[in-house]
Amino acid sequence: MAKLELQQNLIGHKGIVWNVSWHPLGNMFSSCGEDKIIKLWSKEGDKWVTKTVLVDGHQRTIREVAWSPCGNFLASASFDGTTAIWDKKSGQFECNATLEGHENEVKSVSWSPSGNLLATCGRDKSVWVWEVAGDDEYVCEAVLNSHNQDVKKVVWHPTSDILASSSYDNTVKVYKEDQLDSDWTCIATLHSHDSTVWSLAFDKTGKRLATCSDDKTVKIWQSYGPDNQEGVIVDGEDATWKCVCTLSGYHTRCIYDISWCHTTGLLATACGDDILRIFKEADDSDPNAPSFDLICTKLNAHSQDVNCVQWNPSGNGELLSCSDDGEIRIWKFIME
Amino acid sequence: MASRFSGALQLTDLDDFITPSQECIKPVKIEKKKTHTGSKIKIGEDGYFDLSSGKEQKLQKVEITLADCLACSGCITSAESVLITKQSQEELLRVFSERKYTDSRGVTQDVSLIVISIAPQPLLSLAVRYKLEPEEATRKLAGYFRSLGADLVLDMTVAEDLSIMEAQQEFVQRYRDQADSDVKTLPMLASACPGWVCYAEKAHGSYILPYISTTKSSQQVMGSLVKQFLATKRQLPPGALYHVTLMPCYDKKLEASREDFYNEILNCHDVDCVITPIELEQMLSNQDKDLSEFPDSSLDWCWEVSMTPGVRRHGAPGAKSSGSGGLADEVFMYAAKELFGEEDVPLVYKNLRNPDFREITLEKDGQEVLRFAIANGFRNIQNLVQKLKRGKSPYHYVEVMACPSGCLNGGAQVRPTEGESGRSLVGRLQDLMETLPRAETSGAAVRHLWSAWLGAAGPERARHALHTSYHAVQTNDIALTTKW
């Protein structure tokens with residue numbers, strides 16, 4: 001038996017909480033939402049408390065926050081069309097750079113594993129890659145117009161500079177830099193979902209990708225390189241992504257977010273049916289046709305849509321979730 | 001269908017979920033008559049009927065023109081369907097056979113002279129496609145257009161020369177003004193790329209527009225030459241000339257359709273139809289023909305001065321040109337000479353972050369006095385715009401083009417065949433561009449033509465003939481358009 005035990009219920013935001021993001025060390029996290037503020041939380045004794053509130057960075061809803069891999073920078077993506085970069089070089093957190101260029105709402109922001117690149121995406125259907133050029137300078141490296149609808153999420157591969165995005169056009173796109181002219185191109189399009197793909201997460205190795213959708217399914221995709229032993233046909237030198245597993249029949253509403261724990265390999269989903277679910281790969285799973293079991297269902301995890309779920313990167317089994325109900329909850333996953 | 005416009009234009013499409021027709025905000029003008037009872041409208045099977053006058057009067061359907069779309073902050077992709085009506089191969093062939101056309105104001109005109117103007121980039125694209133030398137391709141193209149019924153087939157060299165000459169003078173003027181006043185006149189940004197201009201108008205408005213060169217692009221200078229100078233010479237009403245340009249991208253269709261290029265005095269557009277290599281390839285394949293099958297014909301010449309007609313390249317002698325008309329080169333060389341007395345300066349560009357962003361500087365007595373850049377593609381446009389907004393742009397002049405690699409890689413150039421990369425094809429076009437004879441910009445002949453056309457007109461009219469203006473488009477963010 002496995003269970004999610006509520007550790008703490010965190011109240012403080014006014015209105016919808018859109019996103020929570022763990023600091024890479026796992027001892028702090030940030031949250032953001034409709035109230036246009038960012039809160040930084042950490043532990044005092046055994047209680048999580050708000051340590052800092054960042055205000056006046058954005059004019060409209062803040063949709064997503066993301067810590068840089070070094071933990072010194074925080075990026076926030078807002079419906080005001082900008083992405084703000086915060087750091088505490090001066091001793092306290094301040095916004096020292098603003099990335100402008102998106103036509104309107106920015107929906108997601110993500111740092112590459114090296115911390116040298118940032119990706120953003122939004123309602124203008126584009127995905128932007130930015131390079132950290134030093135001294136609070138960020139330079140646009142690419143504007144990718146591969147999707148033909150609103151782009152919901154951008155996520156980097158865990159070890160290399162490969163980017164994935166998911167969209168209202170029901171697809172996922174994978175991009176990498178073409179060294180010849182240092183421009184970025186779409187190297188793969190993942191078709192299989194029947195509706196908006198809201199979020200995606202790589203596993204620890206980056207060889208697998210989990211996607212979640214408004215079609216109420218989770219799909220697991222596996223990459224096959226040009227020299228694969230399985231006989232999967234690969235066009236050119238870029239890996240082919242193949243859908244190897246579809247988890248359907250578990251979720252009853254749109255699935256808004258998915259998190260893949262890089263320590264335990266567990267998948268957690270955030271769903272419009274207010275439920276948190278945990279999936280585990282079966283012990284006898286075939287690597288090329290894996291099977292996943294639903295091992296935990298937390299009914300009424302929130303009183304409204306769950307917007308975001310994230311495993312603590314330290315691998316201690318802590319899980320963060322936030323919701324339309326204005327609350328953030330910290331859970332402990334316990335395997336009995 | 002994927003949009004055929006450049007990336008910069010696609011990004012200005014403000015909509016994502018709702019199809020354009022549902023969110024089009026173009027207000028409908030209704031001729032108001034005074035009534036005491038208000039209107040009564042009946043919905044019939046074949047339209048809407050106004051009953052207020054006592055008898056049924058059919059109401060006109062609302063029509064959205066391309067010009068409406070361009071003046072609006074809403075969708076741009078819907079403009080594509082509007083374009084099809086005025087700027088397509090079908091329309092072109094129809095005009096050839098019927099010898100009449102209906103302009104954007106709904107006026108039908110009889111055509112007595114069909115004029116075709118050929119730009120260098122599409123010529124090279126077609127030369128490569130049909131495995132011809134540029135000169136041979138020129139003759140074949142002239143033969144093809146004549147077989148369709150064209151009366152005059154022209155190169156655009158004189159218009160390119162005039163446009164460059166005007167840009168050179170505009171730059172020198174701005175450079176001098178910059179020194180004398182607090183008004184920011186520099187950097188001057190090239191205006192030749194309609195994708196870039198349209199993006200700047202929609203996304204950056206008043207920040208950027210003052211920096212964009214007011215000099216008309218070569219296409220529009222050609223348009224003015226044909227509709228003003230040539231029509232007068234031939235003693236024809238300008239509307240009786242149907243002017244077609246062969247250009248490397250679809251965005252040029254938008255440029256030709258701008259209200260700014262509708263001449264209110266002459267009652268016509270300067271360019272009536274823009275046709276592109278991809279469409280030409282399609283027209284030929286519809287006829288099951290290869291360009292090389294057509295008889296040779298030579299280009300026409302109808303300007304005052306004596307020059308050999310032909311497609312030419314602009315840019316520094318001996319140096320690799322930008323492929324987009326050599327604006328940065330030509331303005332740099334002229335400014336170096338005019339402002340600093342430096343002749344024959346070597347044009348050595350330094351690549352910056354990527355091959356599509358490069359710069360060149362001129363030093364005088366150890367001081368940097370000129371810094372020019374070529375910025376191609378949307379990512380480089382972004383960085384330039386952000387630098388300008390923060391007051392951190394170090395440039396005096398920037399040749400800005402929306403397409404990566406510039407106009408040789410225009411969105412409507414013939415696609416590479418299977419097995420060839422886009423980059424390799426552009427490389428071949430670039431090499432071919434270098435084989436073209438170099439134009440004599442600011443040569444005596446061009447000055448003479450300028451005098452013949454505009455010399456007697458007075459400075460105001462001369463300016464009007466060669467310059468245009470830009471308009472910031474206000475964006476409306478109404479609550480209805482907010483989507484998560």
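A note on names: the letters A, B, ... follow the listed sequences, proteins ahead of strands, and every chain is numbered from 1.
Counting non-hydrogen atoms of other residues, nucleotides and ligands closer than 6.0 Å to CG of B/Asn351 gives a total above 12. More than 12 heavy atoms of other residues, nucleotides or ligands sit less than 6.0 Å from atom CZ of B/Arg415. In this structure, A/Lys89 places its NZ atom where more than 12 heavy-atom neighbours from other residues, nucleotides or ligands lie under 6.0 Å away. Around atom NZ of B/Lys184, no more than 12 heavy atoms belonging to other residues, nucleotides or ligands sit under 6.0 Å away. Taking a 6.0 Å sphere around CD of A/Gln59, one finds it holds 12 or fewer heavy atoms contributed by other residues, nucleotides or ligands.
Here A/Glu131 contributes atom CD and B/Arg353 contributes atom CZ; the two are 4.5 Å apart, rounded to the nearest 0.5 Å.
Neither the backbone nor the side chain of B/Lys387 comes within contact range of chain A, judged by heavy atoms closer than 4.5 Å. Neither the backbone nor the side chain of A/Asp169 comes within less than 4.5 Å of any heavy atom of chain B.
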Using the rule given for side-chain contact (heavy atoms from CB on, under 4.5 Å), can you reason through A/Glu137 versus B/Gln386, listing the C-alpha separation, both sets of side-chain angles and the distance that settles it, and then say yes or no? CA-CA 11 Å; A/Glu137 280 281 325; B/Gln386 294 310 325; over 6 Å; no

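When each of A/Val129, A/Leu99, A/Val139 is scored by its heavy-atom pairs under 4.5 Å with chain B, the top score falls to A/Val139.
Shown here for A/Glu141 and B/Arg379, the closest heavy-atom pair between the two residues is O-CD, 2.8 Å.
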